Amino acid sequence: MVSRIIGFIRPGSTLLLLQLCLFLPAILLAQRPYVTSSFPHNDAENLPCNTFVKANVFFPSEGKILDPVTFHDKSVRLFPKGNPRRTVEAARLYDEEHTFLTLVPKEVLHPFTTYVFEVTADLVDERGFSFLPFSLEFQTDGCDQKPTIARGDELPIEEPELPEMEVPNLMDFQAKWVGDSIQLSWQTDRYWPLGELTLQYANSQMDFQEQHNVQVEDNIFRRQRFGWTDDSPVWGWNYYRLAFMGVNGEHFITDTLKMFRPRARFSRTEFSLNETLSIEFLLEKTSTMAFILKTRSGKILKRKAGMLPAGEQIMTIPLQGIQPGSYIAILRTQELTLAEVIRILAE
């Protein structure tokens, strides 16, 4: 039967059939809903033990409805890292208007513990399309704050009215590199009550200082976007977090974003005969390295490759046998590229 069908396919149709076989899975994949952003972000640290998790979702079609039968503890879940069977008991809420789903634990999370939040393919929309899998990890802090979440059956199954909310609903908090600057942005769904939102900075995980302040005075019941650019981040780790202070004394601190600025530099660029070239490094993680020393015409005189450990270190390159003149020294790692003209002086 298969041979008969193939016999009826015209030669020019074979390519079309192949294209359909290749593109059909991609077309179906593009129809699946997925998570676009979340609070907290992946690898967040210092979260309170009464935190919640919110995921903003996108539907390729006009539909925004979840299949309620599939919205359960196997499709949207939270568990300690390494122990997926220990699912945290939680309420699951879905806001159809703003297309975000929220998981609110019914138990206080453990301090200094990494948790995994997952949206699995078991979650299905009204069209029958399953969600693309999504996961994030976050770590709780020492949890000195008092728990404010309800426990057990006392947790409401619907979101409370706006006046009862105590903290801003932070939809995302992100940082990215723009050249040598760090650009931060955050978005809120709405504020309650009035107060101020402060961006704090530290070059360690201690001693946070205020960098940017936003007074929340008007348009408090709609989404708002904010941003700030750090034009002079330090070499090494840079830490950022948001703090909310309400007019009635409410206090809320977000998870901490951290950005690492790597560094590589030649200790100097002029040398006497037979001296040694030193290169100073500050790297976030172990990295591959390649170094070459070449003439201006492109002839390679020295070459070195290997691994560089994380942290601060110094690598040395002997210049014995290199004649006086100007040369180009190039260093490449996974994180950065360094190129300098060095000069060897005649004695």
Side-chain angles (χ1 to χ4, degrees), residues 41-46 114 137 139 174-185 199-209 211-212 228-241 256-347:
H41 67 88
N42 189 37
D43 292 330
E45 298 178 337
N46 301 326
T114 299
E137 296 182 7
Q139 187 179 62
Q174 301 179 1
K176 64 179 181 180
W177 284 102
V178 179
D180 291 330
S181 301
I182 297 176
Q183 186 178 87
L184 295 109
S185 62
L199 177 68
Q200 300 178 343
Y201 169 82
N203 57 16
S204 68
Q205 288 187 293
M206 310 285 289
D207 193 26
F208 277 86
Q209 302 293 326
Q211 289 292 321
H212 181 65
W228 184 78
T229 300
D230 188 346
D231 292 321
S232 55
V234 301
W235 303 109
W237 287 109
N238 295 266
Y239 297 89
Y240 306 89
R241 70 184 187 186
T256 301
L257 293 180
K258 58 180 184 178
M259 300 288 286
F260 189 89
R261 187 182 183 188
R263 181 183 67 198
R265 65 182 180 185
F266 298 114
S267 57
R268 52 196 174 99
T269 57
E270 290 190 352
F271 303 87
S272 300
L273 284 171
N274 299 323
E275 281 196 303
T276 298
L277 168 65
S278 296
I279 309 175
E280 300 173 1
F281 291 94
L282 178 61
L283 300 175
E284 175 187 357
K285 54 188 177 183
T286 300
S287 175
T288 56
M289 173 278 300
F291 171 83
I292 62 171
L293 179 68
K294 64 181 181 179
T295 64
R296 289 182 177 272
S297 63
K299 181 181 178 180
I300 296 177
L301 302 177
K302 281 189 175 291
R303 186 192 304 269
K304 185 174 182 177
M307 301 296 294
L308 291 172
E312 291 189 75
Q313 62 253 285
I314 297 178
M315 182 179 71
T316 57
I317 307 290
L319 298 177
Q320 281 79 1
I322 305 299
Q323 298 302 310
S326 296
Y327 303 91
I328 300 174
I330 301 175
L331 174 82
R332 291 190 177 92
T333 73
Q334 294 173 321
E335 299 172 294
L336 47 80
T337 298
L338 180 65
E340 290 279 358
V341 175
I342 68 170
R343 295 176 176 83
I344 298 179
L345 307 176
E347 295 183 349

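Computed from a prediction, not measured in an experiment: that's the story for all the values here. The figures that follow rest on heavy atoms only: side chains count, while hydrogens, waters and symmetry mates do not.
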Assess whether side-chain contact (heavy atoms from CB on, under 4.5 Å) is satisfied between T288 and Q334, documenting all intermediate values.
-> CA-CA 6 Å; T288 56; Q334 294 173 321; 3.5 Å; yes
Nearest 0.5 angstrom please: [X] [atom1] to [Y] [atom2], how far?
| X | Y | atom1 | atom2 | answer |
| --- | --- | --- | --- | --- |
| F291 | I317 | CZ | CD1 | 5.0 Å |
| F260 | W177 | CZ | CH2 | 9.5 Å |
| K299 | Y327 | NZ | OH | 10.0 Å |
| T316 | I279 | OG1 | CD1 | 9.0 Å |
| L199 | Y240 | CG | OH | 8.0 Å |

Identify which one of T276, L293, L273, N274 satisfies the side chain to side chain contact (heavy atoms under 4.5 Å, CB included) criterion when paired with L319.
->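 Output: one option passes, namely L293.
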Student check: side-chain heavy atoms of D230 and Y201 closer than 4.5 Å |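 SC-SC contact between D230 and Y201 confirmed.
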K285, NZ atom: more than 12 neighbouring heavy atoms under 6.0 Å |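 Count not over threshold, so no.
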Take atom CZ of R332 as the centre, draw a 6.0 Å sphere, and report whether it contains more than 12 heavy atoms from other residues, nucleotides or ligands.
->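 No, not enclosed.
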Under the 6.0 Å and 45° cation-pi test, does R263 pair with F281?
->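 Geometry flag: not set, cation outside 6.0 Å or 45°.
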Can we say R268 and E275 salt-bridge, meaning some charged N sits less than 4.0 Å from an Asp/Glu carboxylate O?
->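 Yes, this pair counts.
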